[in-house]
Amino acid sequence: MIAVSALVMFTLGCIMLSTRSKVDNSLSVWQSKHDLHWQHYQQFQEENQISDPLVIYFPSLRQQEYTALRDQLGQTCECALSGFFIAGQPGSDKAILLLKPPADSPPDVLDGLVKLARSVLDQSGKNYHLGGVWYVTAMLDSYSARSVSLLFPVVIAVLWLGVWYFLRHTGNVMLVMACGIIPAMQIIGLIALWQVKLNMVLLALPPMTMILGIAYAIHLAAKRAAQEPMARHRLFASIAAPCLLAAMTTVLGFLSLTISDYDPVRQLGVWGSVATTLALINALILLPAFYRSDHLGVSVRLSFLNAAFLKRRRLPLLVGFTAALVAAVFGLHRLKTGSLILDFFYPSAEVYRNYSAIESSGLGLTPFEIDLKDSHLDTVKLNQTLLTWAKQQSVITHFIYFFPEGQVVVQTTDHGLPLPSPSDLQYITSPAQRATVLLRTVSSEKTLDLADELNAYLVNTFGPLPHPYVTGSVPLYTRGQSALFSSMAKSFSFAFISVSLIIGLSLRSWRYGLIAIFPNILPVVFILAAMGWVGVPLSVSTITVASIVFGIVVDDTIHFLHRLRTVEGNLIERLQLSLDHVGPAIIITSVVSGMGFAGFAASPFIPLRDFGLIISGALLLAMLCDLLLLPAILFTWRSES
């Protein structure tokens, strides 16, 4: 009761702290302070007072309406404002307004600015579309925060149905659910206490914590010997050791992410380890204190959970899994990296529709910055060089040159919407201090390739500078994603080696350590292959799946092999006793946890949806591997130890 009381007080404190939790997907969240490109961009941004504008596009607007809206927005939003009126045929005039917030404005200020602009624009009754880098960031914050508020009730409802179906006792169901909900609230509070803001990588952690906590609790609630009630202390003793070992492997799966070069992934590794520990602690405190072991719930008995049957079918099972592995190899070849940021939203989403409308008109919304400090380049020659390069790049729409005296020159490429230029290059004698390249939004890999190609093109044409030519928020973001992909193999290798060693040492058998590898590596391979077949790329949201899945799916294998090591008899007898004891728990935890992660499908934010569905599929695959492939391997190995 002392432990329970302390847990209650700790949880109440975390709930109060969780009200301070904020979502932030701004550029600084995704950058390492030691990255030279980030340091250069910060200096470049400070010297030029750069702030990405909110782009407002009017597909049809008269000159007088444009002037009135420009004045009204300037007075309401109190920001620097510039724009372009594009005269056309009668009734086809267009306009673009650029609303520039102060540099380094925090996310809440930018969000408020969008709301102010919307209020003015909505009152005007004119058709408009919004775009721009921090507009997308604000939408990422909005959709990801909305996903969390929606996911919690959906996942709780789905998990409640699954737990109730198997346990059929109100008290035990509430207890098992508490073992998941409480650590989920605790981890949100601790993250807020450390003043870490949630981003689209960390947002999956609270519902994931809830599912892990419930999985640990179900292993206790579902395990019993010969359907006979057991005293709480006996149940606790039978589950504590394998649960501790299972939690350790999950922690190692998360910790493998800390060697990533990407700050948000490292944060997920640290806080995922804390969340797993909290989930286990809550289960080990609450279950021995309150679980009613005299209510057994629904019995899970399937005909294939028969050791003799599995021994007879071991060769067909091995052939079937081998064939699936061959098919998976082809799926892995189809797996792609990188992502289009608009693919984070459904086509019906406002941001997707806005971007499609603006960029289809011929205005690119993805900016590259060219730092021309100390270059002393002739701007006319630079412009000719860039236009030559742009002829081969259909996504490039405009070049904008900025001069020390304040002049701005806009140059439209062959692929862009013709924009009037405030100044003319022929009448400006001083060299430009910077230039902005506008391109249509493409995948992160294509964006980074274009940035590197442009930088190399300028170096080859005009010679190197002490700093890169090409910088900007978008190249930095895509460069961070590239570093993330390159560190995936390193993170997974750490998880694979460390988890395998832990299994072998804890079970005191190198043989079992080797055997445990196959049924746990296959779900990772299969799920990555499935991503390749259905066209889900490795992106910021899915890159962590391999390490996390491997750390989670190994839990059931540990429970199985731990039981196998503690019973006596020949291999068939030991396997049957293990299947009777552990099989129901494996099925229930896999089905319930899989249902919980499948609840992510309700998310309006596609990265969270994909993350949940991928892990859900991996858990179900892992269940089949543990109950079918693992016994087949054991029989083929012909071990009687």
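All of these numbers come straight from a predicted model, not from anything done at the bench.
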Quiz item: Would you call the rings of Phe605 and Phe344 parallel, tilted or perpendicular if under 30° counts as parallel and over 60° as perpendicular?
Solution: perpendicular
Quiz prompt | Point-to-point distance, once rounded to the nearest 0.5 Å, from OG1 of Thr11 to CE of Met185 | solution = 9.5 Å
Exercise. Measure the shortest side-chain to side-chain distance between Leu317 and Phe635 over non-hydrogen atoms and say whether it is less than 4.5 angstrom.
Key: no
Quiz item: side chain to side chain contact (heavy atoms under 4.5 Å, CB included) with Thr557: which of Ile586, Asn520, Val582?
Solution: Asn520
Quiz item: Roughly how far apart are Leu252 CG and Ser498 OG, rounded to 0.5 Å?
Solution: 4.5 Å
Quiz prompt | Crowding at CZ, Phe330 (>12 non-hydrogen neighbours, <6.0 Å) | solution = no
Quiz prompt | Heavy-atom pair with the smallest gap, counting every atom of Gly599 and Leu151 | solution = O-CD2, 3.5 Å
Quiz item: Can you tell if the side chain of Leu619 reaches within under 4.5 Å of the side chain of Asp556, non-hydrogen atoms only?
Solution: no
Exercise. Kindly compute the distance separating CZ (Arg314) from NZ (Lys311), expressed to the nearest 0.5 Å.
Key: 6.5 Å
Quiz item: Step by step, would you call Asn199 with Asp24 a side-chain contact (heavy atoms from CB on, under 4.5 Å)?
Solution: CA-CA 5 Å; Asn199 52 59; Asp24 184 7; over 6 Å; no
Quiz item: With a 6.0 Å cut-off on ring centres, are Tyr143 and Phe345 close enough?
Solution: yes
Quiz prompt | Note, Trp271 side chain near Ile187 side chain (heavy atom, < 4.5 Å) | solution = yes
Quiz item: Which atoms form the tightest heavy-atom contact between Ala618 and Ile527, and what is the distance?
Solution: N-CD1, 3.7 Å
Quiz item: Is the shortest heavy-atom distance from the side chain of Leu629 to the side chain of Leu624 under 4.5 Å?
Solution: no
Quiz item: Of all heavy-atom pairs between Thr209 and Ala184, which one has the smallest distance, and what is that distance?
Solution: CG2-N, 3.9 Å
Quiz item: With no hydrogens and no angle check, is any side-chain donor or acceptor of Gln576 less than 3.5 Å from a backbone partner on Ala307?
Solution: yes
Quiz prompt | Inter-residue atom distance Met248.CE - Thr277.OG1, 0.5 Å rounding | solution = 10.0 Å
Self-check item: Geometric cation-pi criterion Arg312 and Phe309, 6.0 Å radius, 45° cone
Solution: no
Practice problem: Before giving the answer on side-chain contact (heavy atoms from CB on, under 4.5 Å), spell out for Arg565 and Phe560 the whole-Å C-alpha distance, their side-chain angles and the decisive distance to 0.1 Å. | Solution: CA-CA 9 Å; Arg565 293 282 292 174; Phe560 188 96; over 6 Å; no
Practice problem: In sequence, state the C-alpha distance, the side-chain angles, and the governing distance for Met595 and Leu159, and then conclude on side-chain contact (heavy atoms from CB on, under 4.5 Å). | Solution: CA-CA 7 Å; Met595 289 173 59; Leu159 290 172; 5.6 Å; no
Self-check item: Shortest non-hydrogen contact from Pro519 toward Asp626
Solution: CB-OD1, 4.0 Å
Quiz prompt | Arg146/Asp141 salt bridge by N-O under 4.0 Å criterion | solution = no
Exercise. Answer whether the closest heavy-atom distance between the side chains of Leu621 and Leu522 falls below 4.5 Å.
Key: no
Self-check item: Non-hydrogen side-chain atoms of Phe152 and Met210 separated by less than 4.5 Å
Solution: yes
Quiz item: Please walk me through it: do Ser603 and Ser147 pass side-chain hydrogen bond (donor to acceptor under 3.5 Å, both in side chains)?
Solution: CA-CA 5 Å; Ser603 170; Ser147 290; 2.8 Å; yes
Self-check item: Separation between CG of Leu198 and CG of Leu205, rounded to the nearest 0.5 Å
Solution: 8.5 Å
Practice problem: With the side chain counted from C-beta on, respond yes when Cys179 and Leu287 share a heavy-atom pair under 4.5 Å apart, and no when they do not. | Solution: yes
Quiz prompt | Atom CH2 of Trp533 with >12 non-hydrogen neighbours under 6.0 angstrom | solution = yes
Quiz item: Nearest heavy-atom pair of Leu575 and Leu564: which atoms, and what distance?
Solution: N-CD1, 3.8 Å
Exercise. I would like to know whether Met531 and Phe526 meet side-chain contact (heavy atoms from CB on, under 4.5 Å); could you show each step before the answer?
Key: CA-CA 9 Å; Met531 291 170 60; Phe526 288 159; over 6 Å; no
Quiz prompt | Leu150 CG to Phe600 CZ distance, which is reported to the nearest 0.5 Å | solution = 11.0 Å
Exercise. Can you establish whether the number of heavy atoms outside Phe518 located under 6.0 Å from its atom CZ is more than 12?
Key: no
Quiz item: Which heavy atom of Phe321 sits nearest a heavy atom of Cys625, and at what distance?
Solution: CE2-SG, 3.8 Å
